[in-house]
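Worksheet: one structure, shown below.
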Amino acid sequence: MIQHILFVNACMRGREESRTWLLSQAFLEACKERWPKAEILERDLTACDLPVLTGPMTTERDARFQADPWDPMFAPAHEMQGADLVVVAAPYWDLTFPAALKVYLEWASVLGITFHYTLEGQQEGLCKAGNLVYITTAGGEIGDKNFGYDYLKGLSDMFGISRTHCLTAEGLDVWENDAQAILNRAKKQAEKLAASL
């Protein structure tokens, strides 16, 4: 049963212009229909002020974790760890995704919250979610260069999230393509994906 959905919104063009946002909403609406009591927590990276992690800041982060692992600094990690389903929406920019998402993921990667090491040195994930859904749209074709999704797959494995899914709408700016038809097909796929989780 899905009770807590984390929606990481990296749709940097905003709700009015982002096609990735439209596709993500189709998926989340399907999730609401399937799990009407589920709570959706949105982390809006378009308005997020998370700083880029530097060496001194990581040292401070380690010290603050020892003092209080529930310090607000660790909110991204706790929201990632506590979600039953993680949904990440980001446009296909420069073969991956906007920089704000990488910054967020670095803040979500905290030893002792989203992952840890056993006494034998084995890395283990601590996140509850069984699925992570990555949603992206592209003006051109993505093909086999979906490096943002590849990164999310690796990070999900590190966090202990065993299944990842990628939902895409590609070729939206290719002049001979019907962009609306492509988006409509992707929305149908979003509904099917939500039903299959």
Side-chain angles (χ1 to χ4, degrees), residues 2-12 20 24 27-28 31 38 40-45 48 50-136 142 144-168 193 196-197:
I2 301 294
Q3 295 180 309
H4 302 285
I5 299 172
L6 171 62
F7 172 44
V8 183
N9 172 13
C11 303
M12 308 310 288
T20 309
S24 72
F27 178 75
L28 290 172
C31 288
I40 299 176
L41 171 64
E42 179 180 351
R43 169 66 74 158
D44 184 358
L45 301 184
C48 188
L50 289 173
V52 174
L53 275 169
T54 62
M57 194 173 293
T58 59
T59 301
E60 179 188 350
R61 183 171 74 162
D62 293 343
R64 287 170 70 171
F65 182 79
Q66 295 303 316
D68 179 11
W70 289 96
D71 185 297
M73 172 182 276
F74 305 110
H78 283 296
E79 64 196 25
M80 180 68 70
Q81 188 278 331
D84 298 310
L85 171 63
V86 178
V87 180
V88 179
Y92 185 72
W93 282 10
D94 303 322
L95 303 182
T96 58
F97 43 63
L101 178 55
K102 181 64 168 67
V103 171
Y104 171 81
L105 294 171
E106 287 183 357
W107 281 102
S109 301
V110 177
L111 178 65
I113 301 178
T114 48
F115 70 98
H116 73 164
Y117 291 95
T118 67
L119 293 176
E120 296 76 27
Q122 177 92 23
Q123 187 182 75
E124 290 181 339
L126 299 175
C127 291
K128 290 170 47 181
N131 293 277
L132 180 142
V133 176
Y134 181 62
I135 300 172
T136 192
I142 295 174
D144 61 355
K145 293 182 172 60
N146 200 352
F147 301 132
Y149 177 52
D150 291 341
Y151 176 75
L152 263 294
K153 283 193 293 185
L155 198 63
S156 293
D157 184 59
M158 174 178 164
F159 287 171
I161 302 173
S162 58
R163 293 176 298 278
T164 61
H165 315 268
C166 187
L167 185 63
T168 66
L193 177 57
S196 71
L197 296 179

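Position 1 is the first residue of the sequence, and the numbers go up from there. In what follows, every heavy atom counts, from backbone to side chain, and hydrogens, waters and symmetry copies are set aside.
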Spacing of [X] atom [atom1] and [Y] atom [atom2] [to the nearest 0.5 Å]:
X: Leu101; Y: Cys11; atom1: CG; atom2: SG; value: 10.0 Å
X: Tyr151; Y: Tyr134; atom1: OH; atom2: OH; value: 11.5 Å
X: Asn131; Y: Ser162; atom1: CG; atom2: OG; value: 6.5 Å
X: Leu53; Y: Thr58; atom1: CG; atom2: OG1; value: 7.0 Å
X: Lys128; Y: Phe159; atom1: NZ; atom2: CZ; value: 15.5 Å

Going by the rule side-chain hydrogen bond (donor to acceptor under 3.5 Å, both in side chains), which residues pair with [X] if we only count those two or more places apart in sequence or in a different chain?
X: Asn146; value: none
X: Glu120; value: Thr118
X: Ser24; value: none
X: Ser196; value: none

Practice task
Could you list the residues that satisfy side-chain contact (heavy atoms from CB on, under 4.5 Å) with Thr54, not counting sequence neighbours?
Solution key: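 With sequence neighbours excluded, Thr54 shows a side-chain contact (heavy atoms from CB on, under 4.5 Å) to Pro56, Met57, given in chain and number order.
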Handout entry: Results of side-chain contact (heavy atoms from CB on, under 4.5 Å) for Thr164 - residues two or more places apart only
Key =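 For Thr164 the side-chain contact (heavy atoms from CB on, under 4.5 Å) partners, ignoring immediate neighbours, are Leu132, Tyr149, Lys153, Ser156.
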Exercise for the section: Mind jotting down which residue pairs meet the salt bridge (charged side-chain N to carboxylate O under 4.0 Å, His left out) criterion with at least one end in residues 98-110? Sequence neighbours excluded, please. Expected result: Lys102-Glu106
Handout entry: Chi angles and distances behind the side-chain contact (heavy atoms from CB on, under 4.5 Å) call for Ile2, Cys31
Key = CA-CA 9 Å; Ile2 301 294; Cys31 288; over 6 Å; no
Least distance between heavy atoms, [X] atom then [Y] atom:
X: Asp144; Y: Phe147; result: O-CE2, 4.2 Å
X: Leu45; Y: Val8; result: CD1-CG1, 3.8 Å
X: Ile142; Y: Thr136; result: CD1-CG2, 4.0 Å

Practice task
Consider only side-chain N and O atoms of Asn9 and Glu42, and report whether a donor and an acceptor are under 3.5 Å apart.
Solution key: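 Yes, side-chain donor-acceptor contact under 3.5 Å.
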Exercise for the section: Kindly write out the residues that satisfy ring pair (Phe, Tyr, Trp, His ring centres under 6.0 Å) with His4, not counting sequence neighbours, or none if the list is empty. Expected result: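 Listed in chain order: nothing, the list is empty.
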Would you mind writing out the side-chain donor-acceptor pairs for residues 68-81 within the sub-3.5 Å range, not counting sequence neighbours?
residue, atom, partner, partner atom, Å
Asp68, OD1, Trp70, N, 2.9
Asp71, OD1, Arg64, NH2, 3.0
Asp71, OD1, Met73, N, 2.8
Asp71, OD2, Arg64, NE, 3.2
Asp71, OD2, Arg64, NH2, 3.2
His78, NE2, Pro69, O, 2.8
Glu79, OE1, Arg43, NH2, 3.3
Glu79, OE2, Arg43, NE, 2.8
Glu79, OE2, Arg43, NH2, 3.4
Glu79, OE2, Tyr104, OH, 2.8
Gln81, NE2, Leu126, O, 3.1

Handout entry: Heavy-atom side-chain contact between Val133 and Leu197 under 4.5 Å
Key =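 With C-beta onward as the side chain, the pair touches.
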Cut-off 3.5 Å, no hydrogens considered: what does the side-chain donor-acceptor table look like for residues 107-116, sequence neighbours left out?
residue, atom, partner, partner atom, Å
Trp107, NE1, Pro51, O, 2.8
Ser109, OG, Leu105, O, 2.8
Thr114, OG1, Ala108, O, 2.9
Thr114, OG1, Val110, N, 3.1
Thr114, OG1, Val110, O, 3.4
His116, NE2, Glu124, OE1, 2.9

Which atom pairs, one a donor and one an acceptor, fall under 3.5 Å between side chains of residues 87-98 and the rest of the protein, sequence neighbours left out?
residue, atom, partner, partner atom, Å
Tyr92, OH, Lys145, O, 2.7

